[in-house]
Student: 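Have a look at the structure that comes next, please.
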Amino acid sequence: MTTAHFLAALHATVADLRTTVQTEFAPLSLALLNQRLAPTSWSILECLAHLNAYSCYYNDAFARALARPAAAPVAYMEVTYSWLGRKSIAMMHPTNLNKQKALKRLNPLGSQLGSEVLAEFDQHQAQLLALLAQARQADLNRSAVPVEFFRLLKLRLGEALEFVVVHQQRHVQQAQRVRAALRVELVC
Amino acid sequence: MPSPAADPLLALLSQVPDLPPAEAAAFAACWHQQLRLRRGDFLVQPGQVEQRLCLVQQGLLRLYFPTAPGEETCVGFGHAGSLLCAFPSFVTGQPSDYGIQALRQTELLAILRTDFLAFVARSPALGQFWRTALERALVGRMAHEIDLLLPDPAQRLARLRQRSPHIFQLVPRKYLASYLRMTPETLSRLR
């Protein structure tokens, strides 16, 4: 995929996620947003808080990586993947139904959260959309983004962006499943 | 840690847009009957007339239809957050053909049919909510009807997986098999 298409697709996905959170979750009461379906599963707010923790790190990392513009025009350059990038994206992709264990410090389980989580999520998404726009001038194949839990490893800029977006998709879908289970339905 | 499914009544009220607070309070107060069933207890026995609408707080129930002496078919399941009643009897006032039985220890809140219908008639917001609930339930019923018309058990299973993935975590296999009109052996072979 060329850089321009690649970024347009990510941009559309992030915009969708943002709308989903605004329309489906923001109107709910805090009691529902904090409700857990099982003692060890996340509430809607916990799903989003987990994403916020990731955004805090990766949005900064992206901003740093984007500070250096590409040497040549990149709009038609193919986006390529490293072995690590392909693996990480496949692991986080929502179509991979296996559970992945969150790192302890990125696991918000057991918290009582407030609506500031939603506001923070929205801010992060606005930031990410701006970063995606900025990335149109950048070389996405440059290894530039240190991995959060092991900073000696670096992802290419493009694959790191995709990794963060599929990770967000994964957990917004998880939150939507929680939302669906909270819905009162008539059984007859 | 707060209990799972803290307050389905709250979930229900949050789904009624534009409900004035005073109406919401009066409506919530009318769910005054608290029921607790043990595993195997009946909420409704075939032949009873349905007088109330129940909201499941926690637990699991099945709706079933006795097809022959000693035989029955599951036609639906209620879990936390389900609004539950023997619907045909609730609407017509005739004795119910269906039975509703708890499959686990179950807690429910109930409102009298007459109270509930009075609220629905009086409050536009609740009327709208009830209509949406009925529409959704009808769509679900039609989906199940199509399931039952499909000759291939695997297809029926795939459709249910698509439609209600959560049900597989909640309901014992033998009742799911009955719901999908197959034997438990067939279901276990397909999975």
Side-chain angles (χ1 to χ4, degrees), chain A residues 20-50 93-99 104 107-115 117-118 169-188, chain B residues 1-17 50 53-58 60-63 75-91 96 98 100 109 129-141 144 163-167 169-170:
Chain A
T20 304
V21 170
Q22 282 168 350
T23 56
E24 290 186 27
F25 305 147
L28 299 176
S29 73
L30 272 185
L32 290 179
L33 287 170
N34 271 308
Q35 196 158 312
R36 233 167 263 124
L37 298 183
T40 55
S41 69
W42 289 349
S43 67
I44 294 176
L45 286 183
E46 281 164 350
C47 292
L48 297 180
H50 173 69
H93 205 274
T95 50
N96 173 4
L97 299 178
N98 295 334
K99 268 193 152 185
K104 208 163 182 187
N107 188 341
L109 182 68
S111 52
Q112 272 297 311
L113 298 164
S115 55
V117 175
L118 289 167
Q169 259 182 317
R170 187 182 186 85
H171 288 294
V172 169
Q173 286 183 11
Q174 179 186 359
Q176 279 178 305
R177 287 196 296 274
V178 179
R179 169 78 183 93
L182 295 178
R183 186 173 289 138
V184 173
E185 265 176 357
L186 175 65
V187 177
C188 63
Chain B
M1 192 179 285
S3 75
D7 199 348
L9 193 55
L10 203 69
L12 186 148
L13 290 174
S14 84
Q15 263 165 263
V16 188
E50 182 64 287
L53 180 67
C54 294
L55 179 62
V56 184
Q57 293 185 291
Q58 55 171 307
L60 179 69
L61 306 102
R62 67 172 178 137
L63 288 80
V75 293
F77 304 98
H79 47 82
S82 298
L83 275 176
L84 195 66
C85 63
F87 193 72
S89 173
F90 184 85
V91 172
S96 175
Y98 295 91
I100 303 180
L109 270 180
F129 163 76
W130 184 232
R131 206 182 74 194
T132 314
L134 290 174
E135 286 169 355
R136 287 225 184 90
L138 179 61
V139 170
R141 272 281 149 237
H144 187 218
R163 193 167 71 235
S164 319
H166 62 284
I167 211 83
Q169 264 86 59
L170 293 170

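Proteins come first, then strands; the chains are lettered A, B, ... in the order of their sequence lines, and each starts at number 1.
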Student: Under 4.5 Å heavy-atom distance to chain A, tell me which part of B:Y98 shows up: side chain, backbone, both or neither.
Tutor: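 Nothing of B:Y98, per the 4.5 Å heavy-atom cut-off to chain A.
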Student: Can you tell me which portion of B:L13 sits under 4.5 Å from chain A's heavy atoms? Options are side chain, backbone, both or neither.
Tutor: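 Neither part.
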Student: Can you confirm whether B:R131 is buried at CZ, in the sense that more than 12 heavy atoms of other residues, nucleotides or ligands lie under 6.0 Å from that atom?
Tutor: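 Count not over threshold, so no.
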Student: Flag the one option from B:G78, B:S82, B:G76 with the top tally of heavy-atom pairs under 4.5 Å to chain A.
Tutor: B:S82
Student: Nearest 0.5 Å please: distance from the CG atom of B:L138 over to the CG atom of A:L186.
Tutor: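 If we round to the nearest 0.5 Å, B:L138:CG and A:L186:CG are 10.5 Å apart.
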Student: Side chain from CB out, backbone as N, CA, C, O: work out which of these in B:L84 comes under 4.5 Å of a heavy atom of chain A, or both, or neither.
Tutor: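 Looking at B:L84, backbone and side chain both touch chain A.
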Student: Using distance only, find each side-chain donor-acceptor pair of residues 172-181 of chain A under 3.5 Å and give its atom names and separation, not counting sequence neighbours.
Tutor:
residue, atom, partner, partner atom, Å
A:Q174, OE1, A:H171, ND1, 2.8
A:Q176, NE2, A:E24, OE1, 3.3
A:Q176, NE2, A:E24, OE2, 3.3

